[in-house]
Amino acid sequence: MHETSAPPEPVLKKDMGRALISAERIAKRVEEMGREISEVYADIDTPLVLVVILKGATVFAADLLRSLSIPAELEFVSAASYGSGTSPGKLRLAHMVEGPLVGRHVLLIEDIIDSGRTVSAIEKRLRKLRPASLRLAALLDRPARREVETRIDFTGFVIPDRFVIGYGLDYAGLYRELPGIYTLT
Ligand code: IMP
Ligand code: MG
């Protein structure tokens, strides 16, 4: 028989720094973003296409999708760096959208805009598919390290120059399950 004991501590809790954005604040902001996006696209005559950047943006996208009051489809893209170690290499798209985007209204969904390189490379590729419009929604904007000028049409929160985890964002593949956003210690 097992002894009754307290539930186990999250194994790597030591990496979790201070809470930056609570799950409640995220939920409220994502609802607002959903309303704003639904208003902007109120008059389009085909369903909006959400193009979600794997993997970090999936949690945000799932909540955002359910806060929309307009029809929307889901597509995914995945970017991988050719670079080795810490030097940022050229980006290659490891997965591209499956459906045609010609004439469609496309909203790219990203978790965080840091240097801006990821979305810039993906937008370049998506434009070649001749969408009717292409906009960007990002849960987090960390402008301190921007290298490529990036226009963010819908921003959740602007954050200081700290690496963050939770709500889809990972550190070495972990912590995506945290309901709020935390700094890394
Ligand atoms: P960028 O290309 O430099 O703008 O980087 C954006 C990508 O890097 C995002 O898709 C994230 O996956 C990842 N990233 C950047 N900053 C963080 C962070 O603080 N936590 C987790 N992932 C991050
Ligand atoms: Mg990412």
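As the structure is a computational prediction, the values presented were derived from the model and not from experiment.
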State the [atom1]-[atom2] distance between [X] and [Y], to the nearest 0.5 angstrom.
X: Arg146; Y: Ser120; atom1: CZ; atom2: OG; result: 11.0 Å
X: Arg35; Y: Glu39; atom1: CZ; atom2: CD; result: 8.5 Å
X: Thr155; Y: Met33; atom1: OG1; atom2: CE; result: 6.5 Å
X: Leu54; Y: His95; atom1: CG; atom2: NE2; result: 6.5 Å
X: Tyr182; Y: Leu20; atom1: OH; atom2: CG; result: 10.5 Å
X: Phe154; Y: Leu139; atom1: CZ; atom2: CG; result: 14.5 Å

Could you tell me which residues satisfy side-chain contact (heavy atoms from CB on, under 4.5 Å) with [X], sequence neighbours excluded, listed by chain and number?
X: Ser133; result: Tyr41, His105, Arg135
X: Asp43; result: none
X: Tyr171; result: Asp15, Phe163, Ile165, Tyr175, Leu184

Are [X] and [Y] grouped together when hydrophobic residues (ILVMFWY) are joined by side-chain heavy atoms under 4.5 angstrom apart?
X: Leu169; Y: Met16; value: no
X: Ile26; Y: Val158; value: no
X: Leu64; Y: Val59; value: yes
X: Val52; Y: Ile112; value: yes

Heavy-atom closest pair, residues [X] and [Y]:
X: Arg104; Y: Glu73; value: NH2-OE2, 3.1 Å
X: Arg145; Y: Asp114; value: CB-OD1, 3.5 Å
X: Ala72; Y: Leu50; value: CB-CG, 4.4 Å
X: Leu107; Y: Ala137; value: CD1-N, 3.8 Å

Practice prompt. Could you walk me through whether Glu110 and Thr118 pass side-chain contact (heavy atoms from CB on, under 4.5 Å), step by step?
Written response: CA-CA 9 Å; Glu110 178 60 310; Thr118 304; 3.9 Å; yes
Worksheet item: Using a side-chain heavy atom cutoff under 4.5 Å and only I, L, V, M, F, W and Y, what cluster partners does Leu101 have?
Response: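 ILVMFWY cluster around Leu101 also holds Val49, Val51, Ile53, Val77, Leu93, Met96, Val97, Val106, Leu108, Ile113, Val119, Ile122, Leu126, Leu129, Leu134, Leu136, Ile152.
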Worksheet item: Does atom CZ of Arg130 have more than 12 heavy-atom neighbours from other groups under 6.0 Å away?
Response: no
Worksheet item: With sequence neighbours excluded, what pairs up with Arg151 under the side chain to side chain donor-acceptor pair (under 3.5 Å) test?
Response: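 Once residues adjacent in sequence are excluded, the partners of Arg151 under the side chain to side chain donor-acceptor pair (under 3.5 Å) criterion are Asp153.
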Worksheet entry | Electrostatic pair Glu32:Arg29 at N-O distance under 4.0 angstrom |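 Counted as a salt bridge, because a side-chain N and a carboxylate O are separated by less than 4.0 Å.
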Discussion item. Could you check whether Glu123 pairs with Arg127 (Lys NZ or Arg NE/NH1/NH2 to Asp/Glu carboxylate O, under 4.0 Å)?
Written reply: yes
Item to complete: Before giving the answer on side-chain contact (heavy atoms from CB on, under 4.5 Å), spell out for Ile109 and Leu65 the whole-Å C-alpha distance, their side-chain angles and the decisive distance to 0.1 Å.
Response: CA-CA 10 Å; Ile109 311 287; Leu65 174 67; over 6 Å; no
Discussion item. One pair to check against side-chain contact (heavy atoms from CB on, under 4.5 Å): Ile21 and Ile159. What are the steps and the verdict?
Written reply: CA-CA 10 Å; Ile21 311 171; Ile159 63 162; 4.1 Å; yes
Worksheet entry | Residue pairs involving residues 47-72 (criterion side chain to side chain donor-acceptor pair (under 3.5 Å); sequence neighbours excluded) |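 Qualifying pairs: Ser38-Ser69, Asp63-Arg66, Asp63-Tyr167.
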